[in-house]
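Only one structure is covered here, and it is reproduced in the block below.
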Protein chains: 2
Amino acid sequence: MFSPNLHHDTGDAMTDDFSTEQKIKQAAQRVFLKKGYAATRTRDIAEEAGFNPALLNYYFRSKEKLFEIVMLENMQMFVAGVVGILTDDATTLRQKLHILVSHYIDMLQANPDLPAFMIGEIRDNPDGLMEKIGFSKLPPDASILMQWRTLAGENGTFKPTHIMMNLIAMVVFPFATAPLIRSRTAMDRTAFSALMEERKELIPMWIEQMILAGATTNPKS
Amino acid sequence: MFSPNLHHDTGDAMTDDFSTEQKIKQAAQRVFLKKGYAATRTRDIAEEAGFNPALLNYYFRSKEKLFEIVMLENMQMFVAGVVGILTDDATTLRQKLHILVSHYIDMLQANPDLPAFMIGEIRDNPDGLMEKIGFSKLPPDASILMQWRTLAGENGTFKPTHIMMNLIAMVVFPFATAPLIRSRTAMDRTAFSALMEERKELIPMWIEQMILAGATTNPKS
DNA sequence: GTCTATAACCTGATAGAC
DNA sequence: GTCTATCAGGTTATAGAC
């Protein structure tokens with residue numbers, strides 16, 4: 001039903017990253033990411049890529065089709081590699097947290113507009129593209145879940161969902177609100193980046209504390 | 001330069017909440033909040049309010065003017081009352097955290113679309129309406145800052161900015177991503193609300209831990 | 001494959017009757 | 001104050017020349 005290349009194949013086995021099609025896709029990625037779907041005009045994309053607006057329709061048929069492609073790739077960026085990290089039997093829980101947080105912060109430093117874009121899309125298209133993404137659920141015996149239970153005890157006092165929320169929130173939210181944070185604290189882009197680098201060490205530490213705070217052995221008892 | 005009522009006064013002293021003007025504003029609030037500025041058509045607002053599209057221009061002259069008004073009120077919701085909480089000499093730090101978190105969660109339970117809306121606007125209009133908001137900086141001797149220093153020691157190992165980020169992130173982020181969270185965890189709206197109610201107790205606890213973890217007395221020493 | 005010209009459509013805003 | 005009808009402007013998409 002869905003094909004990334006709507007037009008005929010080039011005949012070349014390898015995909016040429018400098019082809020017009022690729023350039024348009026990359027330009028679209030940048031513009032959609034910065035402004036969102038509704039606020040983006042196809043002319044913006046053509047201008048950004050330095051091409052004629054008609055080429056967009058030649059290669060991708062419509063703005064919407066192009067958006068779906070870019071969208072899908074952006075979403076996959078969010079989940080790429082994560083399952084591998086979480087199911088690795090060779091790493092400790094502490095190591096997993098470190099690797100996961102570093103992985104995400106690095107990715108977001110390179111793509112700082114991604115969080116706001118995703119949040120906008122989640123809103124505009126609640127059930128639309130959400131399923132298309134390979135957000136495959138973890139198997140119940142995934143390494144991280146076993147380790148989690150060991151640390152928190154079988155009957156931790158609050159749900160893992162809370163901790164997951166916190167982990168993602170602490171990593172992603174600062175990027176989503178970066179313009180506001182920077183203007184409020186008079187940080188420039190470099191200072192903000194440095195702050196996020198600090199968080200690579202801090203967030204895993206905080207998360208570990210949270211897991212312990214919810215462990216079976218309640219401080220009050 | 002900016003006046004909420006562009007047309008002549010009604011002559012009535014009290015503002016009638018059921019006037020056409022008010023109804024349009026409320027409908028606009030709902031639609032803008034759900035879809036953002038760019039994706040909203042003036043016809044959507046008229047339909048939502050059950051009125052003729054022409055009335056929007058009659059009362060507010062343009063879509064943009066109407067948006068500014070609604071926007072401003074939304075943003076003020078975010079900061080309303082917070083300074084008062086943070087500078088109250090009669091409450092402990094722990095109490096302040098509790099009150100602040102409860103205050104925000106209550107407000108967001110009533111306005112769950114607000115976070116995604118704000119994030120979208122921060123992106124689309126980085127420096128535009130940000131200053132109009134009464135985001136008045138705290139005085140350096142604000143009660144909460146003194147109490148913070150007492151708890152963390154004068155030279156806490158990491159910046160208060162981190163903790164502030166975490167506090168806001170843990171409260172706001174779940175709402176910004178609620179549709180995704182609910183679909184991923186098979187929660188209905190009620191279950192999600194209940195989860196956020198739990199967080200009224202949990203977040204202040206976590207934050208306190210974080211402050212202690214960054215206190216002058218380092219666990220390692 | 002790429003460009004120019006233009007069609008087809010949509011959206012915000014206004015004029016004028018009631 | 002509210003409605004109908006319509007305009008002006010801008011946007012996506014296509015037809016057809018090169």
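Chain letters run A, B, ... following the sequence lines, proteins first and then strands; every chain starts at 1. Heavy-atom basis, side chains included; hydrogens, waters and symmetry copies ignored. Nothing here was measured: the structure is a model prediction, and the numbers come from that model.
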Report task. State whether the number of non-hydrogen atoms from other residues, nucleotides or ligands found under 6.0 Å of B:Glu47 atom CD is greater than 12. Result -> no
Query raised in the report: OP1, OP2 of C:dG12 versus side-chain N and O of B:Thr42: anything below 4.0 Å?
Result: yes
Requested in this report: Starting from P on C:dG1, measure out to CD1 on A:Ile24 and report it in whole angstrom.
Outcome: 11 Å
Query raised in the report: Can a side chain N or O of A:Tyr58 be found less than 4.0 Å away from OP1 or OP2 on C:dC3?
Result: no
**Report entry** Salt-bridge contact A:Arg30-A:Asp113 (side-chain N to carboxylate O under 4.0 Å)
**Finding:** no
**Report entry** Minimum side-chain heavy-atom gap B:Ile207-B:Met170 below 4.5 Å
**Finding:** yes
Requested in this report: Write down the distance between NZ (A:Lys63) and C1' (D:dA13), rounded to a whole number of angstrom.
Outcome: 12 Å
Query - Spacing between B:Leu56 atom CG and C:dG12 atom P, to the nearest angstrom - result: 9 Å
Query raised in the report: In whole angstrom, what separates A:Tyr59's OH from C:dT2's C1'?
Result: 8 Å
Query raised in the report: To the side chain of B:Asn52, which of D:dT4, C:dA13, D:dT12 is closest?
Result: D:dT4
Query raised in the report: Nearest-Å distance, CG (A:Asn57) to P (C:dT6)?
Result: 18 Å
Report task. Look at A:Lys35 together with A:Asp44 and state whether they make a salt bridge at an N to O cut-off of under 4.0 Å. Result -> yes
Query raised in the report: In whole angstroms, how far is the P atom of C:dT4 from the CG atom of A:Leu55?
Result: 10 Å
**Report entry** Proximity to the side chain of A:Ala54 - top-ranked nucleotide from D:dT14, C:dG12, D:dT4
**Finding:** D:dT14
Query raised in the report: So how far off straight is the helix from C:dG1-D:dC18 to C:dC18-D:dG1, going by the axes through five pairs at either end, to 10°?
Result: 10°
Query raised in the report: In whole angstrom, what separates B:Lys65's NZ from C:dA13's P?
Result: 12 Å
Requested in this report: Find out whether the Lys NZ or Arg CZ of A:Lys63 is both under 6.0 angstrom from the six-membered ring centre of A:Tyr37 and within 45° of the ring's axis.
Outcome: yes
Query raised in the report: How about B:Met210 and B:His162: do any of their side-chain heavy atoms sit closer than 4.5 Å?
Result: no
Query - Worked check of ring-ring contact (aromatic ring centres under 6.0 Å, His included) between A:Phe67 and A:Phe32 - result: CA-CA 8 Å; A:Phe67 181 73; A:Phe32 278 138; 4.8 Å; yes
Query raised in the report: Once you round it to whole Å, what is the distance between P of D:dT11 and CG of A:Asp44?
Result: 8 Å
Query - B:Arg43 side-chain proximity, nearest of C:dT11, D:dA13, C:dT2 - result: C:dT11
Query raised in the report: Among C:dA13, C:dT11, D:dT12, which is the nearest nucleotide to the side chain of A:Arg41?
Result: D:dT12
